[in-house]
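As structure tokens, the structure follows; a few thoughts come after it.
In this text, all values refer to a predicted model and were calculated from it rather than measured experimentally. FYI, the numbering just counts along the sequence from 1.
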Amino acid sequence: MRRLLVLLLTALLLLSGCAALAEPEAPEEEWGDYQQFLPEEPQEEEPEEPAYPAAFSLPYCRNMTLDPVEGGEGFQEMVASLLYEPLFRLDEHFEPVPVLCESYAWDESGLVCTLTVREDVVFSDGSALTARDVEETLQRAMVSERYAYRLRNVASVAAGRRGQTVTVTLTAPDRGLPALLDIPIVKRTTAGERVPLGTGPYVLEGENGAESLRAREGTDLPLKTIPLVPAKDQETALYLFETRQVEMLPTDPADTPSMVSGRVQATVQPTAIMQFIGFNTGEGRPFADEALRAQLSRSIDRETLVSAQLVGLAQAAQFPVHPASPLYPKELEQPWEEVQPPAAGREPLKLLVGGGDAFRAAEARFIAGELNKLGWQITVEEQPWEAYLAALEAGEFDLYLGEVRLTADWDLTDLIGTEGTLNYGGYTRETTDILLQLFAGAENRQETAARLYSHLRSFTPIAPICFRNYTVLTYPDVVEGLAPAPSYVFQGMEQWTVRLAEEEADAVMGEDEE
């Protein structure tokens with residue numbers, strides 16, 4: 001995971017699609033010899049910031065629940081991830097790694113998955129983790145706003161009468177189920193409380209704005225105590241970070257409501273948020289022609305888009321699976337082609353973008369501009385979010401810039417399946433539907449994924465552009481070893497080095513004594 005030392009003020013200006021225009025310098029001869037008499041502009045001295053903080057603090061919203069099933073994302077989720085653990089956690093390749101799950105097995109139909117829960121795990125009050133705790137957490141998740149979509153194919157969850165087994169029954173085969181179960185587990189008798197009990201490495205202590213996280217006994221972590229600073233929203237958390245009242249903050253660069261000045265360290269956190277070009281494939285429409293769709297996809301210079309427009313905070317992708325995944329078919333990638341479109345591509349075409357999002361609007365204009373240089377005739381039409389959705393539903397577009405958070409089983413049925421709820425372009429092909437089903441139920445997902453993505457390259461129901469990144473902000477040299485996983489900022493925390501002012505002072509005193 002690469003770490004970027006940036007002037008975030010500049011980065012955020014670029015991310016918003018705006019570049020600050022420098023005023024042209026006046027020619028030297030305009031001033032002539034009088035230039036030597038001009039007073040020098042005073043140089044404002046920036047206040048010196050402490051090299052290391054006295055404590056490693058994090059923001060949190062004390063008026064919002066920390067229950068991971070009902071809680072929010074962003075910095076609140078970051079704090080909750082230290083209190084609770086999931087059955088599986090996604091690694092840097094979006095692969096599920098067992099945490100609270102000891103093992104799992106499928107029946108012959110691929111519809112029933114039996115999970116065995118670890119017996120050596122206890123909650124922060126010393127009570128044992130049970131299959132009932134897992135059962136009830138997943139049942140709550142099935143009807144929650146946050147997790148209902150990813151668990152939409154789960155028919156039931158039931159704990160075994162004996163032992164530590166939990167049976168998950170599906171409505172359709174999905175061997176990628178473990179990747180969907182990175183849902184933090186809470187003690188069932190405390191579910192719904194503001195701070196239910198968890199099995200994570202920290203516990204919450206204190207009250208009335210003086211809360212902190214304390215490392216549980218037996219854990220080997222670089223931070224024994226993490227003070228929590230109240231923040232009502234992301235903008236407040238940004239202010240706390242800028243004033244160094246907190247030392248870490250997860251951000252979505254596209255939605256950042258403020259700007260942080262000064263030198264900070266921004267570490268990339270990958271996401272499953274895919275941006276793509278959707279096609280109206282309806283009868284009589286230009287992009288009913290699969291060859292034209294494929295031509296446009298090959299004509300998009302994704303690498304230039306990512307490096308120039310997204311400031312590196314996204315990863316180019318030609319297929320609807322994250323390039324870090326072992327399922328991504330790099331061998332099937334095609335080079336960018338700087339060729340003119342066929343006659344149908346030189347007709348006026350409308351690219352729809354919506355949501356009042358300047359970030360995506362700038363992307364759409366960049367893509368259209370680059371394609372038009374090759375001979376396409378694409379006009380960008382920006383619409384408010386509701387109007388944008390209405391136009392998609394009505395099929396009033398040729399192309400649209402879409403964004404979707406894919407689930408980590410990489411199921412595309414809703415996006416490109418014949419009956420898909422997000423299939424606004426009306427794409428339909430029986431072979432595609434069959435391959436989607438085979439991929440979902442296959443034991444050998446690598447082989448079936450290659451067949452599916454080869455098929456999609458030929459018929460191009462959508463044109464994937466990139467996967468967006470989030471960033472985790474810290475101050476330089478405070479944290480060493482930070483390497484966020486897709487849903488876990490503290491991945492590998494045991495190997496972190498965290499430098500605090502008191503520790504540095506103690507080290508210096510020790511050297512003097514020697």
Side-chain angles (χ1 to χ4, degrees), residues 52-60 62 65-69 71 75-89 91 97-102 116-134 136-137 164 182-191 193-229 246-248 478-485 487-507 510:
Y52 304 110
F56 190 86
S57 302
L58 296 177
Y60 94 115
R62 60 178 174 172
T65 180
L66 282 165
D67 186 327
V69 174
F75 63 84
Q76 194 78 347
E77 180 185 18
M78 176 177 67
V79 172
S81 70
L82 293 173
L83 301 174
Y84 311 101
E85 294 176 309
L87 290 169
F88 299 87
R89 184 171 283 140
D91 66 12
V97 177
V99 179
L100 297 180
C101 183
E102 182 177 284
T116 301
V117 181
R118 288 171 53 189
E119 296 183 350
D120 59 343
V121 179
V122 296
F123 289 103
S124 56
D125 66 347
S127 60
L129 169 71
T130 69
R132 286 286 305 280
D133 296 307
V134 174
E136 294 196 16
T137 297
Q164 289 284 83
D182 60 334
I183 300 171
I185 305 300
V186 306
K187 186 172 181 177
R188 64 187 181 87
T189 56
T190 64
E193 296 181 5
R194 190 180 75 84
V195 189
L197 295 178
T199 63
Y202 285 85
V203 294
L204 182 69
E205 294 184 329
E207 57 184 12
N208 298 326
E211 293 90 345
S212 64
L213 299 178
R214 175 181 56 81
R216 293 175 59 180
E217 292 185 11
T219 56
D220 184 17
L221 300 168
L223 294 166
K224 302 304 179 185
T225 302
I226 301 176
L228 299 178
V229 181
V246 299
E247 293 295 323
M248 178 183 285
V478 174
V479 180
E480 183 179 320
L482 179 62
S487 58
Y488 189 47
V489 170
F490 301 98
Q491 179 81 1
M493 186 182 185
E494 300 82 1
Q495 282 76 50
W496 284 11
T497 297
V498 182
R499 298 181 177 88
L500 302 179
E502 292 181 1
E503 296 176 357
E504 292 296 317
D506 291 343

Can you spot which of Thr137, Leu83, Leu66, Val69 makes a side-chain contact (heavy atoms from CB on, under 4.5 Å) with Val186?
Thr137

Given side-chain contact (heavy atoms from CB on, under 4.5 Å), test Leu500 with Phe56 step by step and report yes or no.
CA-CA 7 Å; Leu500 302 179; Phe56 190 86; 4.1 Å; yes

Any donor-acceptor pair under 3.5 Å from [X] side chain to [Y] backbone:
X      : Y      : answer
Ser81  : Met78  : yes
Arg89  : Ser487 : no
Glu136 : Thr189 : no
Asp133 : Arg188 : yes
Thr219 : Leu221 : no
Arg216 : Phe123 : yes
Thr116 : Glu102 : no
Arg118 : Val99  : yes

Which atom of [X] lies closest to which atom of [Y], heavy atoms considered:
X      : Y      : answer
Cys101 : Phe88  : SG-CZ, 3.6 Å
Arg499 : Pro53  : O-CD, 3.6 Å
Arg62  : Tyr60  : CB-OH, 3.0 Å
Tyr202 : Leu223 : OH-O, 2.5 Å
Pro227 : Ser212 : CA-CB, 3.9 Å
Gln164 : Thr130 : OE1-CA, 3.5 Å

What distance separates [X] [atom1] from [Y] [atom2], expressed to the nearest 0.5 Å?
X      : Y      : atom1 : atom2 : result
Leu100 : Ile185 : CG    : CD1   : 6.5 Å
Glu205 : Glu211 : CD    : CD    : 11.0 Å
Glu119 : Leu129 : CD    : CG    : 10.0 Å

Where do Leu228 and Leu58 land on the side-chain contact (heavy atoms from CB on, under 4.5 Å) test, with the steps shown first?
CA-CA 5 Å; Leu228 299 178; Leu58 296 177; 4.1 Å; yes

The test is side-chain contact (heavy atoms from CB on, under 4.5 Å); show your working for Asp220 and Glu494 and say whether it passes.
CA-CA 6 Å; Asp220 184 17; Glu494 300 82 1; 5.8 Å; no

Have Glu85 and Thr199 got a donor and an acceptor in their side chains that come within less than 3.5 Å?
yes

Trp496 vs Phe490 aromatic rings, parallel, tilted or perpendicular, using cut-offs 30° and 60°?
tilted

Dump the intermediate steps for side-chain contact (heavy atoms from CB on, under 4.5 Å) on Met493 and Leu82, then the final yes or no.
CA-CA 10 Å; Met493 186 182 185; Leu82 293 173; 4.2 Å; yes

Would you say that Arg194 contacts Leu204 through its side chain, given a criterion of any heavy-atom pair below 4.5 Å between the two side chains?
yes

Side-chain heavy-atom pair Glu247, Val498 within 4.5 angstrom cut-off:
no

